[in-house]
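Written out below as structure tokens is the structure these notes cover.
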Amino acid sequence: MTTPKTIVEKIWDKNVVYEEEGKPAILYIDLHLVHEVTSPQAFEGLRLKGRTVRQPKRTFATMDHNVPTVHTNVIKDEISKLQMDTLRKNCEEFGVPLAGMGHEHQGIVHVIGPELGLTQPGKTIVCGDSHTSTHGAFGALAFGIGTSEVEHVLATQTVWQQKPKTLNVQIDGTLGTGVTAKDLVLALIAKYGVNFGTGYVLEYTGEAVRNLSMEGRMTICNMSIEAGARAGLVGPDETTVNFIKGRLHAPKGEAFEQAKEMWLSLRSDEGATYDKTVTLNASEVEPQVTWGTNPAQCISVNAQIPNPESVTTENDKNEIKHALTYMGLEPDVKITDVPIQHVFIGSCTNSRVEDLEQAASVIHGRKVNKNVTAIVVPGSQTVKRQAEEKGLDKLFIDAGFEWREPGCSMCLAMNGDAVPPHERCASTSNRNFEGRQGADARTHLVSPEMAAAAAIAGHFVDVRSF
Amino acid sequence: MEPLKMHRGLVYPLNRSNVDTDQIIPKQFLKRISRQGFGQYLFYNWRFDEKDRPREDFSLNDPKYKGTSILVGGENFGCGSSREHAPWALEDYGFRIIIAPSFADIFYNNCTKNGILPVVLTEDEVQKLMDNAEKGDYHLTVDLENKVVTDNHGFKATFDLAEYSRQMLLNGWDEISVTLTYEDKITAFEKEHIVY
């Protein structure tokens with residue numbers, strides 16, 4: 001009998017080109033996603049050395065980080081425009097397919113990969129972006145790389161990799177009404193910290209994960225990096241296969257049946273061993289709100305903001321004090337008593353049709369609070385079209401939300417969509433770091449439902465009783 | 001990249017854990033299309049106020065750390081975004097060595113590709129260096145051949161680094177050139193490899 005293997009080991013074995021004792025392996029990359037911010041220096045590197053892109057057909061580019069979400073036909077920021085023009089020229093010169101501004105498939109790189117059927121089980125996927133872990137939802141080994149590695153993959157279609165350790169994140173139980181995949185992953189990081197995954201690939205297993213939609217799985221895999229893990233994945237099943245079927249780049253006919261058989265065989269074998277296991281009971285998870293400046297600084301919606309005096313070590317005390325000062329919060333206050341001025345619904349974590357539907361479902365004809373500016377930024381042109389077909393745009397606009405063009409937008413606030421200094425935002429994105437949404441901006445990470453409810457109430461509310 | 005065998009320099013202590021790459025290089029500077037010139041934007045929101053004036057309460061602005069090339073930081077250093085602009089900014093500012101109890105994976109990797117040596121020491125060792133550096137005028141010698149960090153007052157700590165990364169840094173190799181020596185293996189692999 002063969003030794004039981006995890007999905008990570010199976011993908012690894014399938015994609016190692018070469019390895020020798022005491023060295024990292026040369027790992028073959030099946031899909032390389034490219035965007036405008038982390039690629040210009042890589043293409044320039046190729047040019048300087050007279051190198052070419054080895055596999056343009058396994059490379060796909062889009063524009064997302066830096067694109068405006070209003071008045072998209074004229075890009076006013078000259079430096080942003082230059083970066084986008086540079087990507088367009090690079091893609092033309094090196095023969096890389098591009099869904100740029102104005103293209104019907106343009107959108108956030110981690111939204112369009114799955115949507116176009118490029119993301120498939122068993123693939124090794126890289127991108128110069130840490131949220132590449134999102135694609136792991138399909139049972140792909142997907143991780144973020146720096147620009148030097150982007151150049152390396154363009155030139156060689158490989159990366160040097162140390163075989164990763166595996167961490168089983170077992171989530172059993174059933175999610176309660178009003179509790180989402182976002183709350184699950186925030187609760188997980190709150191429980192185990194922002195670096196429990198460093199050096200590992202997380203595999204999400206258990207009943208609660210199996211019951212998630214592909215969108216929900218993408219949300220949890222997306223935030224693996226917020227736990228320190230470069231990659232997180234979910235073994236492929238019928239949910240995965242059904243999502244892929246019929247998509248633009250998915251295999252068709254007989255090839256699809258062959259692919260399906262291979263995909264389903266990738267799931268971790270019964271009895272496979274992991275280097276580490278952590279557990280979470282989904283039934284106990286409540287809607288979450290971050291209060292601090294890293295994603296582990298997170299509490300349930302009915303809890304109070306922590307008091308630095310409640311922890312023992314000087315370091316922990318200082319960390320809480322520092323975060324409270326930056327966030328302009330007092331200890332022991334109920335998080336539901338904290339007023340907000342901005343709401344951002346979007347990002348590679350929560351900008352898919354299902355996320356937007358969930359956000360819209362809490363509106364019930366009510367209006368955005370007069371003190372709140374709320375924007376909805378669909379993840380891609382396709383998401384935008386589909387949402388409009390369902391009439392979601394109208395629900396949002398009638399309630400007082402702005403309905404924008406696709407892009408990363410206020411998740412990293414690079415394109416001018418920013419939260420002003422000292423103002424507070426309920427955001428469906430993935431990082432509440434200092435300055436992330438704008439200099440001195442205060443970010444609270446929440447689910448799409450919680451964000452929409454906060455927009456209407458003007459402060460955080462428990463979406464279950466809203 | 002420039003080879004790095006032995007480095008001696010002034011130590012700057014940044015006594016915070018989870019320093020993320022958004023802090024190291026804020027997003028407004030990611031629009032540039034070259035690799036050079038990011039040092040002036042390093043830790044921008046900590047170094048400068050909203051009117052671009054230096055903030056006196058941020059220690060890197062203290063004249064006693066002028067000319068520093070070794071940064072000692074807290075745990076999970078470099079977490080968050082994969083932006084390689086973070087090591088570019090550190091390197092351009094003058095840092096060649098980052099010492100911390102732990103690093104985020106992508107940042108660690110990015111450092112080794114840019115001639116910056118990330119050194120993992122124990123929490124106690126890092127704390128000792130932090131305390132010494134806070135007084136100012138504190139220098140360390142980092143020897144990559146022997147994987148050892150020393151000062152002139154008897155401090156000595158060894159560190160670990162994957163042999164592959166050590167050789168890359170010691171020799172300043174271009175990684176793509178190294179990989180292209182395996183060209184025949186990649187081509188052979190591609191012939192057999194199925195991607196749907």
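Residue numbers begin at 1 in each chain, while the letters A, B, ... track the order of the sequences.
Only the side chain of A/K49 comes within less than 4.5 Å of a heavy atom of chain B; its backbone N, CA, C and O stay farther away. Of the atoms belonging to B/T21, not a single heavy atom falls under 4.5 Å from chain A. Of the atoms belonging to A/I26, it is side-chain heavy atoms, and not backbone ones, that fall under 4.5 Å from chain B. Looking at B/E75, only its side chain comes within 4.5 Å of chain A, counting heavy atoms on both sides. Contacts between B/S17 and chain A at a heavy-atom distance below 4.5 Å involve the side chain alone, from C-beta outward. Interface remark: A/Q120 contributes side-chain atoms only to the contact with chain B (heavy atom separation under 4.5 Å). Heavy atoms closer than 4.5 Å to chain B are found nowhere in A/M84, neither backbone nor side chain. Heavy atoms closer than 4.5 Å to chain A are found nowhere in B/N15, neither backbone nor side chain. Of the two parts of A/H131, neither the backbone nor the side chain holds a non-hydrogen atom closer than 4.5 Å to a non-hydrogen atom of chain B. Using a 4.5 Å cut-off between heavy atoms, A/R431 contacts chain B through its side chain alone, with no backbone atom that close. Heavy atoms closer than 4.5 Å to chain B are found in the side chain of A/I225, but not in its backbone. For a residue to count as touching a neighbouring chain, one of its non-hydrogen atoms must lie under 4.5 Å from one of that chain's; by this rule B/T187 touches chain A with backbone and side chain alike. For B/S81, the parts sitting under 4.5 Å from any heavy atom of chain A are the backbone and the side chain alike. Of the atoms belonging to A/S148, heavy atoms from both backbone and side chain fall under 4.5 Å from chain B. Contact of B/E190 with chain A is made through the side chain alone, with heavy-atom distances under 4.5 Å. In this structure, no portion of B/Q28 lies under 4.5 Å from any heavy atom of chain A. Heavy atoms of A/A418 lying under 4.5 Å from chain B are absent altogether. With a threshold of 4.5 angstrom between heavy atoms, B/R16 approaches chain A through side-chain atoms but not through N, CA, C or O. Neither the backbone nor the side chain of A/E44 comes within contact range of chain B; no heavy atom of the residue lies under 4.5 Å from a heavy atom of that chain. If you measure heavy-atom distances from B/Y108 to chain A, you find no contacts under 4.5 Å at all. Both the backbone and the side chain of A/Q258 come within contact range of chain B, with heavy atoms under 4.5 Å apart. Contacts of A/I145 with chain B are made by backbone atoms alone, with heavy-atom separations under 4.5 Å and no side-chain atom involved. At a 4.5 Å heavy-atom cutoff, the contact between A/Q437 and chain B is made by backbone atoms alone. Only the side chain of A/T158 comes within less than 4.5 Å of a heavy atom in chain B; its backbone stays farther off.
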Worksheet item: Should B/H85 and B/F29 be marked as a ring-ring contact (aromatic ring centres under 6.0 Å, His included) after you check the CA-CA gap, both sets of side-chain angles, and the distance that decides it?
Response: CA-CA 9 Å; B/H85 312 68; B/F29 308 113; over 10 Å; no
Fill in: Worked verdict on A/H110 versus A/T132 for side chain to side chain contact (heavy atoms under 4.5 Å, CB included)
CA-CA 7 Å; A/H110 310 308; A/T132 307; 3.5 Å; yes
Practice prompt. Walk me through it: do A/D30 and A/N15 pass the test side chain to side chain contact (heavy atoms under 4.5 Å, CB included)?
Written response: CA-CA 9 Å; A/D30 296 324; A/N15 276 57; 3.0 Å; yes
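Relative to the ring axis of B/F159, B/K147 does not place its NZ or CZ within 45° and under 6.0 Å from the centre.
Screening B/L90, B/V119, B/V72 against B/I98 for a side-chain contact (heavy atoms from CB on, under 4.5 Å) leaves a single residue, B/L90.
The main-chain N or O of B/W173 is never found under 3.5 Å from a side-chain atom of B/N171 such that the two would form a donor-acceptor pair. The backbone N or O of B/G115 lies less than 3.5 Å from a partner atom in the side chain of B/R96, making a donor-acceptor pair.
The CG atom of B/N132 sits 11.5 Å away from atom CG of B/D137, with the distance rounded to the nearest 0.5 Å. Here CG of A/D417 is found 3.5 Å from OG of A/S409. Values are rounded to the nearest 0.5 Å. Atoms CG and CG, from A/L82 and A/N66 in turn, are 10.0 Å apart once rounded to the nearest 0.5 Å. One distance of note links NE2 of B/H139 with OG1 of B/T68; it measures 8.5 Å at 0.5 Å rounding. Here the CZ-OH distance, from A/F256 to B/Y196, works out to 11.5 Å after rounding to the nearest 0.5 Å. Atom CG of residue B/D105 and atom OG1 of residue A/T198 lie 5.5 Å apart, to the nearest 0.5 angstrom.
By the 4.0 Å N-to-carboxylate-O rule, B/E91 lies too far from B/R35 to be salt-bridged with it. Salt-bridge annotation for B/K113 and B/E84: absent, with no side-chain N of the basic residue lying under 4.0 Å from a carboxylate O of the acidic one. Between B/R166 and B/E163, at least one side-chain N (NZ, or NE/NH1/NH2) sits under 4.0 Å from a carboxylate O, which counts as a salt bridge. A salt bridge is defined here as a Lys NZ or Arg NE, NH1 or NH2 lying under 4.0 Å from an Asp or Glu carboxylate O, and A/R230 with A/E149 meets this definition.
Heavy-atom pairs under 4.5 Å with chain B peak, among A/M262, A/H152, A/E226, at A/H152. When B/H193, B/K185, B/R32, B/E192 are compared by the number of non-hydrogen pairs under 4.5 Å with chain A, B/H193 comes out ahead. Interface remark: of the candidates B/I106, B/N18, B/I194, B/N110, B/I106 forms the most heavy-atom pairs closer than 4.5 Å to chain A. When each of B/E50, B/R83, B/E183 is scored by its heavy-atom pairs under 4.5 Å with chain A, the top score falls to B/E183. Ranked by heavy-atom pairs under 4.5 Å with chain A, the list B/N109, B/N45, B/T179, B/L180 is led by B/T179. With chain B as the partner, the residue from A/G199, A/G22, A/G117, A/G197 showing the most heavy-atom pairs under 4.5 Å is A/G199. In terms of heavy-atom pairs under 4.5 Å with chain B, the best-connected choice from A/G144, A/A250, A/A259 is A/A259.
Between B/F38 and B/Y41, the ring-plane angle classifies as perpendicular under the 30° and 60° cut-offs.
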